[in-house]
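These notes are about the structure you will find just below.
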Amino acid sequence: MSEALHRHTMVKPSKAGWTAILAQHPELAEQPIIESWARAGHPLVVRRPNCGDLAGMIPLGLPLPPLYGKRRITLALASSEIIERAPPPLLADAATTAPPAWQETIDRLLRLLPETRTFGSLAWQHLTGLPYLSDGSDLDLLWPLSSTRETNALLSAIAEIARHAPMRLDGEIVGAAGGVQWRELIAADEHDILVKGPVAVHTMSRTAFLSGAVP
């Protein structure tokens, strides 16, 4: 089941799942933010596994807002303890949470590709209502891989928007092999690129990634 859940997938644990989390990490029970997070039904996010994760468990993360130290808490649950799963929010849905200075850039991004999704600070503030965004926040985005020609045109358009944006545009083009940072795809030419897959980071040629190949 864990292989079917891509990075950035948002999941909600069951009540039993939260009980399991607090049993595995008793130190978290002492933090009011964790208890209120569980009570509010806020999601967790799927991450890549690390060497300390148990086989068969879904690796998850809980990134706390800057007010609470911007700590990234790593967790893991059995698939039976997850009751909901969803892709990261659409940029169009999260746009109302963004600062006014971001709106023109977001409008341009949505005209470019309405199905653009967002993660990171904007997504978490949209999903939880907690203060994640700051003056130095990036806008983190996910764009689906299309044909090579369309993706190259998309990359050129993103670069043009980024040149005039009041924030840094970060994010990945996401294909069958995983996600690649959009700036790396522009700079790579025909060189190998770093692909963030569901289980590990690996390299492959730019041409193979854009073709939709799986390593």
Side-chain angles (χ1 to χ4, degrees), residues 1-91 93-99 117-142 167-168 170-172 174 178-179 181 194 196-201:
M1 176 64 71
S2 60
E3 290 79 9
L5 295 181
H6 299 290
R7 288 172 53 245
H8 303 303
T9 298
M10 313 304 295
V11 303
K12 290 189 178 182
S14 64
K15 185 177 180 180
W18 277 112
T19 299
I21 286 172
L22 296 177
Q24 295 164 15
H25 306 275
E27 74 281 3
L28 297 181
E30 301 173 3
Q31 300 186 37
I33 179 63
I34 304 299
E35 190 276 334
S36 62
W37 190 285
R39 187 176 65 251
H42 295 325
L44 304 175
V45 64
V46 175
R47 58 175 173 82
R48 285 194 310 274
N50 58 44
C51 58
D53 291 325
L54 296 176
M57 301 289 278
I58 297 177
L60 302 169
L62 194 169
L64 295 179
L67 181 64
Y68 296 90
K70 210 172 181 179
R71 180 183 170 194
R72 295 177 180 271
I73 300 171
T74 58
L75 309 165
L77 283 176
S79 60
S80 60
E81 295 167 333
I82 290 175
I83 56 175
E84 291 183 26
R85 63 206 68 192
L90 289 165
L91 177 60
D93 292 337
T96 55
T97 307
R117 294 187 179 274
T118 186
F119 64 103
S121 297
L122 177 61
W124 285 110
Q125 186 155 318
H126 167 68
L127 292 167
T128 68
L130 296 172
Y132 280 84
L133 291 166
S134 68
D135 291 342
S137 292
D138 296 344
L139 176 54
D140 301 297
L141 302 168
L142 298 170
M167 81 299 276
R168 175 180 169 83
D170 204 355
E172 303 170 6
V174 181
Q181 214 279 342
L194 195 67
K196 297 177 181 178
V199 176
V201 176

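FYI, the numbering just counts along the sequence from 1.
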Can you tell me how far [atom2] of [Y] sits from [atom1] of [X], rounded to the nearest 0.5 angstrom?
X      : Y      : atom1 : atom2 : value
Asp93  : Thr118 : CG    : OG1   : 11.0 Å
Gln24  : Leu77  : CD    : CG    : 6.5 Å
Met10  : Leu44  : CE    : CG    : 8.0 Å
Asp140 : Arg168 : CG    : CZ    : 9.5 Å
Thr128 : Leu62  : OG1   : CG    : 9.5 Å
Gln125 : Ser137 : CD    : OG    : 8.0 Å

Check whether any side-chain heavy atom of [X] sits under 4.5 Å from a side-chain heavy atom of [Y], and report yes or no.
X      : Y      : result
Leu22  : Ile34  : yes
Arg117 : His8   : no
Gln31  : Leu64  : yes
Pro43  : Trp124 : yes
Leu28  : Leu75  : yes
Arg48  : Val201 : yes

What heavy-atom pair brings [X] and [Y] nearest, and what distance separates the two atoms?
X      : Y      : result
Arg47  : Leu60  : NE-O, 2.6 Å
Ile83  : Ser14  : CG2-CB, 3.5 Å
His42  : Leu127 : ND1-O, 3.9 Å
Pro26  : Ala23  : CD-O, 3.7 Å
Ala123 : Pro89  : CB-CG, 3.8 Å

Check: More than 12 heavy atoms of other residues, nucleotides or ligands under 6.0 Å from CG of Asp135: is that the case?
Finding: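 Open: at most 12 neighbouring heavy atoms sit under 6.0 Å from CG of Asp135.
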
Note to self: With side chain to side chain contact (heavy atoms under 4.5 Å, CB included) as the criterion, how do Ile58 and Ile82 come out once you've worked through the C-alpha distance, each side chain's angles and the decisive distance to 0.1 Å?
What the structure shows: CA-CA 9 Å; Ile58 297 177; Ile82 290 175; 3.6 Å; yes

Note to self: Using side chain to side chain contact (heavy atoms under 4.5 Å, CB included), reason through Leu67 and Leu130 one step at a time and then give a plain yes or no.
What the structure shows: CA-CA 9 Å; Leu67 181 64; Leu130 296 172; over 6 Å; no

Checklist line | Backbone N/O of Pro13 and side chain of Glu81: donor-acceptor pair under 3.5 Å | finding: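 Pair absent, no side-chain N/O of Glu81 close to backbone of Pro13.
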
